[in-house]
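The structure appears right after this line, and notes come after that.
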Amino acid sequence: MALRNAVMAALLEGEASGYDLAKGFEASVANFWMATPQQLYRELERMEGEGLVSARVVQQERRPNKRLFSLTGAGRRVLRAYVAEGPAKPLAIRDELMVKVQCVDIGDAEDVRAVLAAVAERVERSTAKLARYRRMQERMLSGRTEDEYLTTAERVGPYLTLQGGIALERGNIQWGELALKRLAQRAAALSGGPAAVHR
């Protein structure tokens, strides 16, 4: 999938500046697509040149003018064609931490403790992201049940992708807690002391 498809998907929410899109990516789209603000700005320029998005300048007092982007008819057609394409490619993961965990058995107690700290950091990040996603879910539901929301909302895609992000972070936390327990035991065994308690 190209970054442009994720950008156009984000623009389905409505007109947005590059800054708004970058914030939106970090808050919601990041659960399925990562991009830096610089990548987003470059992609918006390319897409504007190809007629997939249009931009209008908004004059601001005491601040630089900002450009608001929106999907064009051509952009919607490209996005519709993308949705209609055959099956999506399987998820490809490149996870440096998993490689380190895979190799942890060749390390000494210090090496295991370093991996342990990296796992603990991931659990902490996933816990924070899960809390943010839960707040987003509450805002989306706005007092409605999930069934009420999914049968009455104009768009269900953002809610379903948010659920994917929630499931991913819950899985990260569950795996991380198991790994923390076992790595603490391994570090203790290698150093000849009792297992340290983590979390």
Side-chain angles (χ1 to χ4, degrees), residues 1-41 43-44 66 68-71 79 82-83 87-101 115-184 196-199:
M1 179 178 107
L3 173 57
R4 68 184 46 213
N5 295 324
V7 171
M8 288 190 289
L11 284 172
L12 285 172
E13 298 297 317
E15 191 177 51
S17 68
Y19 175 77
D20 294 332
L21 279 172
K23 273 177 40 185
F25 258 64
E26 189 176 316
S28 60
V29 181
N31 71 60
F32 61 90
W33 192 269
M34 298 295 290
T36 66
Q38 293 82 4
Q39 289 171 318
L40 287 171
Y41 285 113
E43 192 60 42
L44 283 166
K66 70 177 176 179
L68 293 178
F69 294 89
S70 58
L71 275 176
L79 198 52
Y82 167 71
V83 171
K89 293 178 184 172
L91 180 65
I93 299 174
R94 292 181 182 173
D95 191 332
E96 187 179 356
L97 178 57
M98 288 295 185
V99 176
K100 290 184 178 199
V101 170
V115 174
L116 186 62
V119 172
E121 185 181 315
R122 175 167 295 182
V123 169
E124 196 173 300
R125 275 197 320 270
S126 288
T127 301
K129 282 173 80 174
L130 181 59
R132 189 169 74 236
Y133 292 164
R134 288 286 190 206
R135 288 191 299 273
M136 290 171 63
Q137 179 183 24
E138 285 177 24
R139 281 195 304 273
M140 283 176 130
L141 292 176
S142 189
R144 293 171 285 187
T145 67
E146 188 172 76
D147 273 348
E148 288 170 338
Y149 178 84
L150 291 173
T151 55
T152 61
E154 185 178 326
R155 296 186 59 231
V156 298
Y159 187 82
L160 295 175
T161 57
L162 179 62
Q163 293 310 301
I166 287 171
L168 176 67
E169 297 311 333
R170 280 170 42 202
N172 280 338
I173 293 166
Q174 184 180 11
W175 170 82
E177 288 173 345
L178 170 68
L180 286 172
K181 179 179 177 182
R182 296 307 179 197
L183 288 169
V197 177
H198 288 268
R199 284 184 49 86

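These numbers come from the heavy atoms of this one structure, side chains and all, not from hydrogens, waters or symmetry mates.
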- Message: If only side-chain N and O atoms count, and only distance matters, is there a donor-acceptor pair under 3.5 Å linking Y159 with E146?
- Response: yes
- Looking at L168, I166, N172, which hits side-chain contact (heavy atoms from CB on, under 4.5 Å) with R170?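 For R170, the side-chain contact (heavy atoms from CB on, under 4.5 Å) check succeeds only for I166.
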Distance in Å, [X] [atom1] paired with [Y] [atom2], rounded so as to fall on 0.5 Å steps:
| X | Y | atom1 | atom2 | answer |
| --- | --- | --- | --- | --- |
| L180 | R182 | CG | CZ | 12.0 Å |
| Q174 | S126 | CD | OG | 12.0 Å |
| T161 | Y133 | OG1 | OH | 9.5 Å |
| R4 | L44 | CZ | CG | 10.5 Å |
| N5 | E43 | CG | CD | 9.0 Å |
| E169 | R122 | CD | CZ | 9.5 Å |

Tell me, do [X] and [Y] make a side-chain contact under 4.5 Å, heavy atoms counted?
| X | Y | answer |
| --- | --- | --- |
| F69 | M8 | no |
| L12 | L79 | yes |
| T36 | Y41 | no |
| V119 | W175 | yes |

What are the two closest heavy atoms between [X] and [Y], and how far apart are they?
| X | Y | answer |
| --- | --- | --- |
| L21 | A10 | CD2-CB, 3.7 Å |
| L68 | S17 | CD2-N, 3.5 Å |
| Q39 | L3 | O-CD2, 3.8 Å |

Donor-acceptor pair, distance only, cut-off 3.5 Å: does the side chain of [X] make one with the backbone of [Y]?
| X | Y | value |
| --- | --- | --- |
| R144 | L141 | yes |
| E148 | T145 | yes |
| Y149 | V156 | no |

- Message: Let's go through R135 and R132 carefully: what are the C-alpha distance in whole Å and the side-chain angles of both, what is the deciding distance for side chain to side chain contact (heavy atoms under 4.5 Å, CB included) to 0.1 Å, and is it a yes or a no?
- Response: CA-CA 5 Å; R135 288 191 299 273; R132 189 169 74 236; 3.7 Å; yes
- Test log, rule salt bridge (charged side-chain N to carboxylate O under 4.0 Å, His left out), inputs E138 and R134: CA-CA 6 Å; E138 285 177 24; R134 288 286 190 206; over 6 Å; no
